Amino acid sequence: MDQKSVLVTGGAGYIGSHTVIELLNANYSVVIIDNLCNSSYEAVRRIEKITGKSVTFYKVDLLDKKAMVEVFKRHPNIGSVIHFAGLKAVGESTKIPLDYYHNNITGTVLLLQAMKENNVKDIIFSSSATVYGDPPIIPIPETCPTGATNPYGRTKHYIENMIRDLCTAEPDWNAGLLRYFNPAGAHPSGILGENPLGIPNNLMPFLAQVAIGRREYLSVFGNDFPTKDGTPIRDYINVVDLAKGHIAALEKLREKPGCVEYNLGTGKGKTVLEMVAAFSKAVGRDLPYKIVGRRAGDVTNLTANPAKANEELKWKAEVSIEESCASLWNWQSKNPNGLEDCPGDAPPESIICYI
Ligand code: NAD
Ligand code: UFG
């Protein structure tokens, strides 16, 4: 079987699209499935523009098992899956938990069944630092106790356990559970980056929209945390570094390691106000912010101990916070409205395949 073809679910999204570029650069061939609920086929066009290579893209939903099985049948050289597709807004997940459980958990069960029926048993899964809840150890090692504090986080925690159970029951499966810390930045080309629909939930895309004039000011959620400036600490990892971590994890699966967990982070924490200062510097002026009350569920510190990934994957985050801020501003200033599709531009058949 040709291990060089990878099925990427959610490959039109923020982290998925950057990972597809790194896969193509590493000479993998790529088939994407995405239902475009939080992305645009324009991302696929831009992936092709950046790499000069083509990608097969199916507008398929994880919940449509028949369509997923058909994708595997049409592409018998798929040897592994990188599974990004999922809903990811913490606040929204507390309001519509069943939608999150159905989309993320049922969707993953159906994907794993479709993989099994087609004898594809290597998977990389997008997990999250959120599985550590409010961790007792900083920086956080993979051995830290897990248990999430919101429905979104619980979907990640349950899916991790489900995949672990599968690998135990059927030892020919191999899985990399990648716990991402906070992705930041954009592609250095300036034509691909995060494209949040509606009001951004996350710090960096919100700040970028303040800088471009789409939002008046940033609300900083609390300055009474036990940190040097009172704002929470996160581990901001450049999205291209994060994407490269997937290539390293895919290589690791060739060693048939069973189910393995890795923190993908830098090991260096920054407060919210430090990130505001770093991004303001990249933009060249102070960005307005107001301190408001805490956001429910925010914890004080999520900083990775990435030693296991550094050693076992021979991967290390290399891009600085300053470079991430510069690439984010480059992307946002060149694409003030993100990846807007051209009005009236019908999805081109050359990009989207239908089942
Ligand atoms: P994103 O929303 O940009 O990408 C997710 C993609 O999945 C989107 O293109 C969306 O259209 C697609 N999708 C969702 N449900 C689908 C379904 N049922 N069928 C087919 N496609 C579907 O998000 P992202 O930031 O690129 O995150 C990718 C993954 O990484 C997610 O699983 C997310 O939970 C996880 N993660 C993200 C972060 C973060 O801060 N961005 C942190 C930790 C983990
Ligand atoms: N923040 C603000 N104002 C905003 C947005 C965020 O002050 O408008 C603060 C938050 O309170 C937090 C920090 O900026 O202290 C980072 O918040 P984000 O929403 O950007 O990121 P989170 O750490 O809350 O969560 C993100 C993803 C999760 C993932 C987690 C991993 O949304 O899916 O990173 O650490 F699990």
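Computed from a predicted model, the values in this text were never measured in an experiment. Note: hydrogens, waters and symmetry copies are ignored here, and every other heavy atom, side chains too, is used.
Counting only heavy atoms from C-beta outward, the side chains of L287 and L207 approach each other to under 4.5 Å. Counting heavy atoms from C-beta on, the side chains of Y236 and K268 never come closer than 4.5 Å. A 4.5 Å side-chain heavy-atom check between T106 and Y101 finds every atom pair outside the cut-off. Between I291 and F221 there is no side-chain heavy-atom pair separated by less than 4.5 Å. Counting heavy atoms from C-beta outward, I199 and R215 have side chains that approach closer than 4.5 Å. The shortest side-chain heavy-atom distance between D99 and H102 does not fall under the 4.5 Å cut-off. The side-chain heavy atoms of T300 and I233, taken from C-beta on, include no pair separated by under 4.5 Å. Annotation: side chain of L242 is not in contact with side chain of H18 (no heavy-atom distance under 4.5 Å).
A side-chain donor-acceptor contact under 3.5 Å links N263 to the backbone of N305. T231 contributes a side-chain N or O that, together with a main-chain N or O of V272, makes up a donor-acceptor pair within less than 3.5 Å. Between the W173 side chain and the G258 main chain, no donor and acceptor come within less than 3.5 Å of each other. Proximity of a side-chain donor or acceptor of R294 to a complementary backbone N or O of D224 within less than 3.5 Å is detected. No donor-acceptor distance shorter than 3.5 angstrom exists from the side chain of N202 to the backbone of P205, with no hydrogens or angles considered.
For the atom pair OG (S128) and CG (L177), the distance works out to 12.5 Å, reported to the nearest 0.5 Å. Atoms CZ and CG, from R45 and L192 in turn, are 13.5 Å apart once rounded to the nearest 0.5 Å. Note that CG of L253 and CG of N174 are 6.0 Å apart. Values are rounded to the nearest 0.5 Å. Atom CE of M115 and atom CG of L7 lie 8.5 Å apart (nearest 0.5 Å).
For CD of E170, the number of neighbouring non-hydrogen atoms (other residues, nucleotides, ligands) closer than 6.0 Å is greater than 12. Taking a 6.0 Å sphere around CG of D172, one finds it holds more than 12 heavy atoms contributed by other residues, nucleotides or ligands. Within a 6.0 Å sphere centred on OH of Y289, heavy atoms belonging to other residues, nucleotides or ligands number 12 at most. Atom NZ of K53 sits in a crowded spot, with more than 12 heavy atoms from other residues, nucleotides or ligands closer than 6.0 Å.
Side-chain contact check for H83 and S126: no donor-acceptor pair (N or O, by modelled atom type) lies under 3.5 Å. S327 and H187 share no side-chain donor-acceptor pair at under 3.5 Å. For the residue pair T19/E22, the side-chain donor-acceptor check at 3.5 Å is not satisfied. A side-chain donor-acceptor contact under 3.5 Å links R46 and N335. Judged by distance alone, the side chains of Q332 and W329 never bring a donor and an acceptor atom under 3.5 Å apart. S80 and D122 are not linked by any side-chain donor-acceptor pair at a separation below 3.5 angstrom, with hydrogens and angles left out of the test. Using modelled atom types and a 3.5 Å distance limit, the side chains of T227 and T271 yield no donor-acceptor pair.
Under 4.0 Å is where a charged nitrogen must lie from a carboxylate oxygen, and between E251 and R254 at least one such pair does. Classification of D241 and K244 as a salt-bridged pair fails, no side-chain N sitting under 4.0 Å from a carboxylate O. Under the 4.0 Å criterion applied to side-chain N and carboxylate O atoms, R234 and E274 are not assigned as salt-bridge partners. Salt bridge E92/K95: absent, no basic N to carboxylate O contact under 4.0 Å. Look at R74 and E70 and you find a salt bridge, because one of the NZ, NE, NH1 or NH2 atoms lies within 4.0 Å of a carboxylate O, short of that distance. Salt-bridge annotation for R179 and E160: present, with a side-chain N of the basic residue lying under 4.0 Å from a carboxylate O of the acidic one.
Other residues sharing the hydrophobic cluster of Y100, ordered by chain and number and joined by side-chain separations under 4.5 Å: L87, V90, I96, Y152. Through side-chain heavy atoms spaced under 4.5 Å, either directly or across other Ile, Leu, Val, Met, Phe, Trp or Tyr residues, L98 is tied to no other residue.
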**OP:** Please assess T9 against I82 for the test side chain to side chain contact (heavy atoms under 4.5 Å, CB included), listing each intermediate value before the final yes or no.
**Re:** CA-CA 6 Å; T9 76; I82 305 184; over 6 Å; no
Original post:
How far apart are the C-alpha atoms of E117 and K65, what are their side-chain angles, what is the distance that settles it, and do they pass the salt bridge (Lys or Arg N to Asp or Glu O under 4.0 Å) test?
Top reply: CA-CA 11 Å; E117 285 170 27; K65 181 178 162 192; 2.7 Å; yes
Subject >> T266/D235 under side chain to side chain donor-acceptor pair (under 3.5 Å): CA gap, chis, key distance, verdict >> reply: CA-CA 6 Å; T266 68; D235 182 336; 2.7 Å; yes
**OP:** Could you walk me through whether L36 and S39 pass side chain to side chain contact (heavy atoms under 4.5 Å, CB included), step by step?
**Re:** CA-CA 5 Å; L36 301 180; S39 52; 3.6 Å; yes
Original post:
Going through the checks in order, is the side chain to side chain contact (heavy atoms under 4.5 Å, CB included) test met by V69 and K73?
Top reply: CA-CA 6 Å; V69 169; K73 296 267 178 272; 4.2 Å; yes
**OP:** Quick one: do T94 and N150 satisfy side chain to side chain donor-acceptor pair (under 3.5 Å)? Show the steps, please.
**Re:** CA-CA 7 Å; T94 63; N150 56 69; over 6 Å; no
**OP:** Evaluate the salt bridge (Lys or Arg N to Asp or Glu O under 4.0 Å) criterion for residues K252 and E255: first the C-alpha distance (whole Å), next the side-chain angles of each, then the deciding distance (0.1 Å), finally the verdict.
**Re:** CA-CA 6 Å; K252 181 75 186 173; E255 296 170 18; 3.0 Å; yes
**OP:** Please test L110 against L62 for side chain to side chain contact (heavy atoms under 4.5 Å, CB included), starting from the C-alpha separation and ending with a verdict.
**Re:** CA-CA 7 Å; L110 296 176; L62 286 179; over 6 Å; no
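Cation-pi geometry between K4 and Y28 is met: under 6.0 angstrom from the ring centre, within 45 degrees of the axis.
Applying the ring-ring contact (aromatic ring centres under 6.0 Å, His included) test to every pair with at least one member in residues 297-318, sequence neighbours left out, gives no pairs at all. Within the structure, the salt bridge (Lys or Arg N to Asp or Glu O under 4.0 Å) test picks out the following pairs touching residues 301-317 (sequence neighbours left out): E261-K308.
When the side chains of ILVMFWY residues are joined at heavy-atom separations under 4.5 Å, either directly or via intervening members, L264 and L23 end up in a single hydrophobic cluster. If you chain together hydrophobic residues whose side chains sit under 4.5 Å apart, L24 and L250 fall into the same group.
Across A184 and S324, no two heavy atoms sit closer than the pair O-OG, 4.1 Å. I191 approaches L339 most closely through the heavy-atom pair O-CD2, 4.3 Å. The two residues I21 and I50 make their nearest non-hydrogen contact at CD1-CD1, 3.8 Å. The two residues C167 and A175 come nearest to each other via the heavy atoms SG-CB, 3.9 Å. Here the shortest heavy-atom pairing between I32 and V30 reads CG1-CG1, 3.9 Å.
Ring-centre distance between H75 and Y58: below the 6.0 Å cut-off.
Not counting sequence neighbours, the partners of Y180 by the ring pair (Phe, Tyr, Trp, His ring centres under 6.0 Å) test are H246. Every residue was checked against the side-chain contact (heavy atoms from CB on, under 4.5 Å) condition with T168, not counting sequence neighbours, and none meets it.
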